[in-house]
Amino acid sequence: MKKELIEKINKLKKEKNAIILAHTYQNVEIDEIADFSGDSLYLSRQAAKTDADIIVFAGVYFMAETAKILSPKKTVLLPNINAGCEMADKINLKQLREFKAKYPDIPVVCYVNSTAEVKSESDICCTSANAVNVVKSLNSSKVLFVPDKNLGAYVQSCLNGIEVITYPGFCPIHHNITINDIEKQKALHTDSKIMVHPECTKEVTDMADFVGSTTAIIKAVKESNNKSFIIVTEKGVVERLQRDCPDKEFVLINENAVCKSMKLLYLEDIYNSLINNEFEINVDESTAQKAKIAIDRMIRVNA
Ligand code: 13P
Ligand code: SF4
């Protein structure tokens with residue numbers, strides 16, 4: 001049954017000249033039909049350079065929107081239109097304008113987990129993979145950082161001589177992870193390395209052995225000689241590591257580390273999306289043109 005569905009999806013992909021991009025937090029079965037799986041930066045780069053006519057984005061809304069902005073002539077599909085991001089919803093255009101008015105003439109770095117409108121009035125985007133290098137690339141003594149105060153604080157901790165002024169947004173899934181959670185797991189797994197996503201609070205990233213994007217965490221685990229890891233980000237990272245590294249032990253920081261929007265898709269949804277061309281993502285042209293400048297700049301900065 002599953003095998004048949006995979007075959008049908010692969011056939012449709014060929015017929016329609018479609019590719020499937022899958023974020024690391026997706027249900028792990030999605031990787032079986034994905035052309036590219038990884039973090040936001042990696043997937044944005046794939047969206048920018050593909051020759052496909054259709055991009056099916058197995059991820060959340062802002063990711064599909066970013067793909068559409070990067071490849072405006074292509075059809076971009078988000079298989080479940082309700083896959084939003086609570087972080088992206090924390091700032092709208094009016095709030096960004098108010099924030100900028102409070103701190104005039106300072107460049108704005110906008111985390112890619114944001115709406116197209118917010119990107120369109122920012123100077124440059126970043127992802128969790130290249131945020132530090134993006135801020136450095138501006139050669140400015142001060143930057144505004146929206147919407148994630150935690151990623152902004154992490155960037156600040158990596159840089160001397162640059163002030164990172166953060167907007168008070170956050171991802172609830174990462175923000176709610178506490179130092180108590182880390183201490184509890186560390187007491188149970190004393191030899192484990194602590195691998196943390198920078199959307200967690202500064203107190204939590206301070207306790208980490210490694211801080212990085214989802215792809216960076218997976219790479220660091222694979223390259224490490226250590227046998228046990230506490231994974232301080234969303235559950236999808238643990239599922240991929242368990243699949244890829246069966247000889248190592250992975251502990252999810254707590255059972256609430258699950259992004260509901262990322263868990264909406266199964267193989268059937270990808271099949272339906274391809275068959276029905278659903279749900280097509282479009283971005284207002286003038287917003288898209290302005291947002292593209294900030295996203296193109298981001299793509300040029302390495303992780
Ligand atoms: P990555 O930058 O690792 O893809 O993370 C994106 C995200 O939404 C984390 O919550
Ligand atoms: Fe958004 Fe948080 Fe889900 Fe990432 S984990 S997509 S930041 S809600």
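Atoms within a ligand are numbered from 1 in the order they appear, just like the ligands themselves. Below, each value reflects all heavy atoms present in this structure, side chains not excepted, and no hydrogens, waters or symmetry copies.
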Report task. Mark up the atoms of ligand 2 that fall under 4.0 Å of a heavy atom belonging to Tyr25, in ascending order. Result -> 4 (Fe), 5 (S)

Report task. Nearest 0.5 Å please: distance from the CD1 atom of Ile9 over to the CD1 atom of Ile20. Result -> 6.0 Å

Query - Best match, Cys85, Ala83, Gly169, Ala88: closest heavy atom to atom 6 (S) of ligand 2 - result: Cys85

Requested in this report: Enumerate the atoms of ligand 2 whose separation from the nearest heavy atom of Asn113 is less than 4.0 angstrom.
Outcome: 7 (S)

Query raised in the report: Can a non-hydrogen atom of Glu234 be found less than 4.0 Å from any atom of ligand 2?
Result: no

Query raised in the report: In terms of residue, atom name and distance, what is the protein heavy atom nearest to atom 8 (S) of ligand 2?
Result: Glu86 N, 3.6 Å

Report task. Anything under 30° is parallel, anything over 60° is perpendicular, the rest tilted; go ahead and classify His197 against Tyr25. Result -> tilted

Query raised in the report: Do ligand 1 and Thr215 have nitrogen or oxygen atoms that lie under 3.5 Å from each other?
Result: no

Report task. For the residue pair Tyr42 and Phe36, categorise the inter-ring angle as parallel (less than 30°), tilted (30 to 60°) or perpendicular (more than 60°). Result -> perpendicular

Query raised in the report: If you draw a 6.0 Å radius around NZ in Lys235, do more than 12 non-hydrogen atoms from other residues or ligands fall strictly inside?
Result: no

Query raised in the report: Should you measure from each heavy atom of Cys259, which atoms of ligand 2 turn up under 4.0 Å away?
Result: 3 (Fe), 5 (S), 6 (S), 8 (S)

Requested in this report: Check Ile173 against ligand 1 and report side chain, backbone, both or neither, counting heavy atoms closer than 4.0 Å.
Outcome: neither

Query - Residues Asp53, Lys16: salt bridge by 4.0 Å N-O rule - result: no

Report task. Evaluate whether atom CD of Glu4 has more than 12 neighbouring non-hydrogen atoms of other residues, nucleotides or ligands under 6.0 angstrom away. Result -> no

Query raised in the report: Using heavy atoms and a threshold below 4.0 Å, how should the contact between His23 and ligand 1 be classified: side chain, backbone, both, or neither?
Result: side chain

Report task. Would you check if atom 1 (Fe) of ligand 2 lies under 2.8 Å from any N, O or S atom of Cys171? Result -> no

